[in-house]
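What follows is one structure encoded as structure tokens, with my remarks underneath.
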Amino acid sequence: MKTSADEQELERRFQQRIEDEQKIEPKDWMPAAYRKNLIRQISQHAHSEVIGMQPEGNFLTRAPSLRRKAVLLSKIQDEAGHGLYLYSAAETLGTPRSELIAALQAGEAKYASIFNYPTQTWGDVGAIGWLVDGAAIVNQISLQRTSYGPYARGMVRICKEESFHQRQGYEIMIALAHGSAEQREMAQDSLNRFYWPALMMFGPHDRESAHSARSMQWKIKRETNDDLRQKFIDQTVPQIAFLGLEHPDSGIRWNEERQHYDHGEIDWNEFYAVINGNGHCNRQRMEHHIRAHEEGAWVRDAIAAHREKRGGRKQQVA
Amino acid sequence: MNDDDSKQATLAYALRLGDDSLVLGQRISEWVSNAPFLEEDIACGNVALDYIGRARLYYGYAAELAADGRDEDDFAYLRSAREFRNYLIYELPRGDFAFTQVRQLLVDLFNTGYLAALAGSRDATLAAIAAKAIKETRYHLRRSREWVLRLGDGTGESHRRTQKALDDLWGYTHELFEPDALELRLAAAGTGVDTAALKPEWKRALAAVLNEATLSLPADDWAVRGGRTGYHTENLGHLLTQLQSIHRAYPGCRW
């Protein structure tokens, strides 16, 4: 039996490895709270990829050209694939996917709040690829250096695909911005609706973030919410200008001293309202996920029954 | 058949194959985010993507033959249900997972024979498209065969659903093997496929899978036809309404 002195020594060594930038691997000793924190973050990330299939999937059957339909299919397929890597990464910490999904459906686990916004026009598919995936990449690039090995390695691959997705979304926006008056209007409208929610994806200000300090100490998080958000704001200004669209933030100004853009304040009431279930699609997203899962129950049962029968038959033959 | 006749016939033929691919691809894509588990969301997306890719190749060739400024999207988005020439089996709603996989098995077996024959077409473009598509179809068949085995010989419920799907789909399989005058003409010219010749092998291969899956081959006591003449079920209009809605709402736009 381990004494608390042993525990303290293990924890000291663990923190030292983190300081030395060594990756923590599944079979290594880790503090229970580190494990719990990681399961929370990785599963939340996995759920976001999965729920994120819905708003874009909403336009799969209506994509306005065959090329766009094919690209969107590939993109959504990639997102589902990211969900799979991430569930697998979370499983290395000892929690099976079925439990993670049950927690999502019970409302105990979260997913990115951005997916509670409705996709109303084809422009929204462009805006999601450009802004939502764009914001995700900024966050994920920094997570390539996260301290947990399987998560960090998953991020390397995910980042490569996400950068394609962002270009895919931006390409949709370019076509709209250079198209008819109605298409330009569609592009502007989608930008206006998705810009602020995309900024909210980085989470609350650091001083108000529940998990930030601990996660930074363990190097699960490598950069703060506000620093990452600033990067995204800075990179988006010239992209909006290139499209010839109006910036949705009238407070956006270059600050020579900071070498960053100053910006208007985010509507945090909206942020918390959507997180707390008052977004347009919170209920719809969860009902959709649960319905598909329940409708698939007989299929999953059939696989199990078939496997058992086949195993039984093989034994008879042997 | 003079050159112009032959070109028009090949154009009509390519459009039929494009319609088959687009309509089924559209149906399968409806499974994305609705599948029984995440791996199947991905797999269904992948199969749908293969079909959409095929539709683009066939329509692209049709556009080349038409040489009148129309492109792949004009064929997909600006024709009415009465102008579509897909087989009816492709336009039926996705149903439950058993329905989708049984349909897939029926058409994968059909396409395995069809594309192998078309890969030998005297028309170099059709032959090249078929040579690419058959690789995909062989993979699709591995999947649909496995699924029908698991569902047919799984639980009581999965067996019942799978047999029902087979019974409900059976009447739509007959027209697959009933080539019309255009198809027979192209088959005689070495360009197209005489699908009647594919039926014995199709039925033999299907019976083998069904036997292993503990399912019964339905009786040939009903048949619905009309896909190749544009006489469709009520489902196609709704499918196209959705597929074409944005494209048609903004005439002449590039996307």
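Hydrogens, waters and symmetry mates play no part in the numbers below; they use all other heavy atoms, side chains included. Throughout, a chain's letter reflects where its sequence line sits, starting with A, and its residues are numbered from 1.
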Non-hydrogen atoms of A165(B) and V102(B) that approach each other most closely: CB-CG2, 4.0 Å
R54(B) to Y51(B), cation-pi by 6.0 Å centre distance and 45° axis angle: yes
Portion of L176(A) that has a non-hydrogen atom of chain B nearer than 4.5 angstrom: side chain
Residues R157(A), H82(A); criterion side-chain contact (heavy atoms from CB on, under 4.5 Å); working and verdict: CA-CA 9 Å; R157(A) 182 159 175 187; H82(A) 298 171; over 6 Å; no
Residue selection (most heavy-atom pairs with chain A, distance under 4.5 Å) from H247(B), Q242(B), R161(B): R161(B)
Structural part of M186(A) lying under 4.5 Å from a heavy atom of chain B: side chain
Segment of L22(B) engaging chain A (4.5 angstrom heavy-atom cut-off): side chain
Proximal component of E295(A), with respect to chain B [non-hydrogen, under 4.5 Å]: neither
Test of ring centre spacing under 6.0 Å for W130(A) and F194(A): no
Face-on cation placement of R67(A) at W255(B) ring, 6.0 Å and 45° thresholds: no
Residue, of Q244(B), E157(B), E39(B), that accumulates the most heavy atom pairs under 4.5 Å with chain A: E39(B)
Contacting region of S74(A) [heavy-atom separation from chain B under 4.5 Å]: both
Segment of R300(A) engaging chain B (4.5 angstrom heavy-atom cut-off): side chain
Distance (rounded to the nearest 0.5 Å) between L72(A) CG and N58(A) CG: 10.0 Å
is_close_aromatic(Y87(A), H47(A)), centroid dist under 6.0 Å: yes
Segment of I76(A) engaging chain B (4.5 angstrom heavy-atom cut-off): side chain
Heavy-atom pairs under 4.5 Å with chain A, option from T241(B), D153(B), I52(B) with the top count: D153(B)
